[in-house]
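These notes concern the structure reproduced below.
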Amino acid sequence: MPLDPPVIIFHYPRSPFSARVLYYLALRGIPYDQCIQPQILPRPDLARLGIRYRRIPLLSVGRDVYLDSRLILQRLERLEAGQPSFAARASPEQRALERLLASFTLDTGFFKSIVQVLLPNTPLLRNEAFLKDRVDMLGGGPDFDFADFVLRTRPDAIVEVKNALELLETTLLADGRQWLAGTEAPSLADIEMVWPLHWLLSTPGAVPEPHISARLFPKAFAWVDRFQAAIATAGKSLRAPETLSGEQVIEVLGKAGADKTADVVEQRDPLVQSHGLHQGQVVQLWPSDTGSSHKTVGRLVGLTGREITIEATEADVSVRIHAPRQGFQVSALPQEMANLG
Ligand SMILES: N[C@@H](CCC(=O)N[C@@H](CS)C(=O)NCC(=O)O)C(=O)O
């Protein structure tokens with residue numbers, strides 16, 4: 001039985017940011033379907049939804065598509081399906097820990113360090129098409145040697161990752177607890193810390209021994225294994241996701257309803273005031289860190305302190321696209337600005 005509203009994740013296998021979302025879905029017991037994307041551009045299924053944003057994952061709930069795993073988890077926390085939300089079950093201290101761990105893995109250089117440690121020992125660093133695609137994402141010019149950059153920066157990155165494991169081993173996991181926030185079952189705090197570490201530890205040949213090993217960090221390694229076992233168990237009681245084609249996605253979204261809770265352009269917002277943004281205006285939306293040359297175009301539907309919502313203008317079906325405020329920018333289309341003058 002599909003969920004109402006339908007939930008679809010757009011991802012590819014072994015994408016670590018997608019794992020963050022898939023773990024969440026498994027632990028909450030939220031049924032979903034998936035639309036598998038190629039690891040490098042182009043991504044025609046997303047183009048048909050009017051989405052030029054180039055990062056993975058995305059998640060649709062009804063005909064609302066959410067960009068960025070940050071906003072995806074916030075949306076899922078509001079979804080009434082499966083187990084109660086994590087927020088409903090957590091104490092203020094546990095919620096603070098979740099936020100701090102999310103900030104550590106997402107907002108510091110930690111994830112980049114994981115990439116620098118992992119990539120040299122995978123075939124990806126010898127895959128020309130992959131390297132070219134990721135240089136485009138990072139905004140590097142034709143002379144930027146991504147492989148050389150990763151190899152040069154790896155020693156420092158190993159130290160960063162080692163320090164993070166040491167922190168877990170000597171603080172949160174030191175008293176022998178099963179889960180980071182001292183809960184009975186894995187919580188959002190575990191999800192927020194485990195996804196980059198599991199990606200590293202489960203990639204064949206990627207763990208930089210002897211600097212990092214199960215012998216040096218037995219509690220942290222056991223916790224990552226325990227988490228995977230919990231996900232496998234949770235997955236068994238969840239209906240297996242159907243894999244949808246781009247065409248099937250269009251069909252599902254075409255019949256689905258919209259979530260209008262963030263359909264307000266807050267007049268007191270500093271950006272709205274300084275740029276004179278208004279509902280219905282055609283805007284472009286893009287992430288400020290990587291992939292920022294890929295700008296998605298649509299009519300502004302909502303702009304709050306947490307979320308930007310647009311109605312896609314380049315889609316084969318009526319789709320609403322949501323991005324978090326953090327890490328994203330929105331502006332009027334340049335030609336529209338010219339028209340105003
Ligand atoms: N801030 C984004 C980052 C997502 C991200 O960087 N994802 C990687 C894949 S795991 C990616 O998009 N790589 C480039 C690509 O797939 O085009 C999020 O939290 O979702």
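Numbering of ligands and ligand atoms starts at 1, following listing order. A quick note: this is a predicted structure, and the numbers were derived from the prediction, not measured.
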If you have a sec, work out which protein heavy atom is nearest [atom] and how many Å separate them, to one decimal?
atom: atom 5 (C) of ligand 1; result: Phe17 CD1, 3.4 Å
atom: atom 10 (S) of ligand 1; result: Ser15 OG, 3.1 Å
atom: atom 1 (N) of ligand 1; result: Asp68 OD2, 2.9 Å
atom: atom 8 (C) of ligand 1; result: Ile56 O, 3.6 Å
atom: atom 19 (O) of ligand 1; result: Ser69 OG, 2.6 Å
atom: atom 9 (C) of ligand 1; result: Tyr12 OH, 3.2 Å

So that I can tick it off, tell me whether [Y] and [X] are bridged by a salt bridge, with the cut-off set at under 4.0 angstrom between side-chain N and carboxylate O.
X: Lys219; Y: Asp175; result: no
X: Glu311; Y: Arg63; result: yes
X: Arg48; Y: Glu247; result: yes

(request) Could you check Ile51, Asp68, Ile321 and say which one makes a side-chain contact (heavy atoms from CB on, under 4.5 Å) with Leu58? (result)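 Running side-chain contact (heavy atoms from CB on, under 4.5 Å) over Ile51, Asp68, Ile321 with Leu58 returns exactly one hit, Ile51.
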(request) Could you tell me whether Arg20 sits above the aromatic face of Phe17, with NZ or CZ closer than 6.0 angstrom to the six-membered ring centre and within 45 degrees of the axis? (result) no
(message) Please report whether ligand 1 has a polar contact with Arg54, defined as an N or O pair separated by less than 3.5 Å (distance criterion only).
(response)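 There is such a contact, yes.
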(message) Counting C-beta onward and ignoring hydrogens, is there a side-chain heavy-atom pair between Leu71 and Leu59 closer than 4.5 Å?
(response)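 When only atoms from C-beta onward are counted, Leu59 and Leu71 do not touch, as no gap falls below 4.5 Å.
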(message) Side chain, backbone, both or neither: which applies to Arg43 and ligand 1 if a contact is any heavy-atom pair less than 4.0 Å apart?
(response)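 The answer is the side chain.
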(message) Heavy-atom distances under 4.0 Å decide this one: backbone, side chain, both or neither, for Met137 against ligand 1?
(response)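 The side chain, only.
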